[in-house]
There are 2 protein chains.
Amino acid sequence: MPLKADLDAIDWKILRELQGDGRMTNVELSNRVGISAPPCLRRVKRLEEAGIIRGYRALLNAPALGLDVVAFCLIGLHHQADAELRTFAERTRGWPIVRDAWMVSGESDFLLHCVASDLGAFQTFVIEELTSTPNVDTVRTALTIRRVKDEGLVSFAQP
Amino acid sequence: MPLKADLDAIDWKILRELQGDGRMTNVELSNRVGISAPPCLRRVKRLEEAGIIRGYRALLNAPALGLDVVAFCLIGLHHQADAELRTFAERTRGWPIVRDAWMVSGESDFLLHCVASDLGAFQTFVIEELTSTPNVDTVRTALTIRRVKDEGLVSFAQP
DNA sequence: GGCAACACGCAAGAATCTTGCGTGATTTTG
DNA sequence: CAAAATCACGCAAGATTCTTGCGTGTTGCC
């Protein structure tokens, strides 16, 4: 189970390339990183099995699918005991509007990344779901105007 | 250039499957959505060319790569004229710590999703880069404790 | 009722994936 | 210091997948 220390320059190149295009063929990938196809495939498999590559995902165009509203919600709870935090975390998984969610420290307890078809649907969610959820204290929302940067995890130079 | 209205049930299945595993082979995908491989591939190509599928990306395991800190920063600017917003947006693209960034409306002007190797690196970024950037008024940070939900865009039932 | 448009499925050639094996370099061990 | 072990590479071949062209059936529209 290789960790960061076991990765060499070729592994970092592989991660960078697959992050840019996760559906690239193995021969194309092997050309870009400078080795032949079989060892390249073995490296990718190893990175997957080690959990360094968690998976692959198609990126979808939200507006083209009729999802015009992207927003973030900062949630503050009344009580932050472990059970309450778990309860709220579980609840976020049942809300399809919530794309991904983080437990955070600071002024708020949770940050929710939300996608909705329109402003009405989002407001309905905030009012009828979020604020009416037990233990929810504060809800601050930030509607997104546009994305100004969208990169993967490894965007910087690596050894 | 098909839009939402032109998508049928099979297209939605394709989007859902590729969002779950973007590297699935076309024959596997065709089996899952219930048609043969050639028309399945043609549909995927069409979705790509229409921009509905924006691309594919490998998901990486940040902690395994020595990136232990994930945080969000809410940035408020002094002046929000178009030129100033563009200037700050451009600046976020030069910061490797910033994974993706959104221009938002509400109490703040930008939301930054940041990934750093450790707390020190993140704090250095906030102090020496963010707060010392011209026109930056307020910086509120939320360190993430853990991710409680991580799904793609299309997680709910579709026609 | 007939015609055009469209998407499906079959089939075949091209490309890719996948595995086994031999070689060379680096590291470990006696 | 030398021998052995370990490791990753690249080659080659069979299996799988991709990709294209083509014929057929259905749908919608004159």
Side-chain angles (χ1 to χ4, degrees), chain A residues 1-61 64-66 152-154 157-159, chain B residues 1-61 64-66 152-154 157-159:
Chain A
M1 185 169 179
L3 286 175
K4 180 193 174 187
D6 298 308
L7 303 181
D8 63 7
I10 295 179
D11 291 316
W12 283 106
K13 277 189 191 174
I14 288 174
L15 294 177
R16 176 198 283 267
E17 293 292 342
L18 286 182
Q19 201 173 227
D21 178 7
R23 219 174 155 77
M24 188 185 305
T25 67
N26 183 57
V27 292
E28 170 69 17
L29 179 62
S30 64
N31 286 335
R32 295 199 185 192
V33 304
I35 58 178
S36 65
C40 185
L41 185 64
R42 283 188 281 257
R43 281 171 180 262
V44 172
K45 287 269 167 68
R46 203 173 54 203
L47 291 168
E48 290 171 358
E49 283 160 11
I52 290 177
I53 295 177
R54 290 165 43 222
Y56 303 89
R57 194 171 276 181
L59 305 180
L60 306 185
N61 183 337
L65 294 171
L153 197 57
V154 180
Q158 288 295 339
Chain B
M1 185 168 178
L3 286 175
K4 180 194 175 187
D6 299 309
L7 303 181
D8 63 9
I10 295 178
D11 290 316
W12 284 105
K13 277 190 191 173
I14 289 174
L15 293 177
R16 176 197 285 266
E17 293 292 341
L18 286 181
Q19 202 172 225
D21 178 7
R23 220 175 155 76
M24 188 186 303
T25 65
N26 183 58
V27 293
E28 170 69 16
L29 179 63
S30 64
N31 286 335
R32 295 200 185 192
V33 304
I35 58 178
S36 66
C40 186
L41 185 64
R42 283 188 280 257
R43 280 170 180 264
V44 172
K45 287 270 167 69
R46 203 173 54 202
L47 291 168
E48 290 171 358
E49 284 161 10
I52 290 177
I53 296 177
R54 289 164 45 222
Y56 303 88
R57 192 173 277 181
L59 305 181
L60 305 185
N61 184 338
L65 294 171
L153 195 57
V154 180
Q158 287 295 339

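Letters go in sequence order (proteins before strands), and every chain restarts at 1. Everything numeric here is computed off the predicted structure, so don't read it as measured data.
- A heavy-atom distance below 4.5 Å is not found between the side chains of I52(B) and D11(B).
- Between K45(B) and dT19(D) there is a side-chain polar atom (N or O) within less than 4.0 angstrom of OP1 or OP2.
- S36(A) comes within 4.0 angstrom of a nucleotide base, judged by non-hydrogen atoms across all strands.
- Residue P39(B) places its side chain closer to dG9(C) than to any other of dC18(D), dG9(C), dA7(C).
- Atoms CG (L29(A)) and C1' (dC17(C)) sit 13 Å apart, rounded to a whole Å.
- The C1' atoms of five pairs define one axis at each end of the helix from dG1(C)-dC30(D) to dG30(C)-dC1(D), and these two axes lie 30° apart (to 10°).
- Taking only side-chain nitrogens and oxygens, R43(B) comes nearer than 4.0 Å to OP1 or OP2 of dC8(C).
- Contact annotation: R42(B) side-chain N/O to dT19(D) OP1/OP2 distance is not under 4.0 Å.
- When side chains are defined from C-beta on, D21(B) does not count as touching E28(B), because their heavy atoms never get closer than 4.5 Å.
- In this structure, CD1 of I10(B) is placed 6 Å from P of dC8(C), rounded to the nearest angstrom.
- Between L7(B) atom CG and dC6(C) atom C1' the separation is 16 Å, expressed in whole Å.
- The separation between N26(B) atom CG and dA15(C) atom C1' is 14 Å, rounded to whole Å.
- For L41(B), taking side-chain heavy atoms from C-beta onward, the closest of the listed nucleotides dC17(C), dA12(D), dT19(D) is dT19(D).
- Closest to the side chain of V27(B), from the set dC18(D), dT16(C), dA7(C), is dC18(D).
- When the P atom of dT16(C) is taken as reference, atom CE of M24(A) falls 13 Å away, rounded to whole Å.
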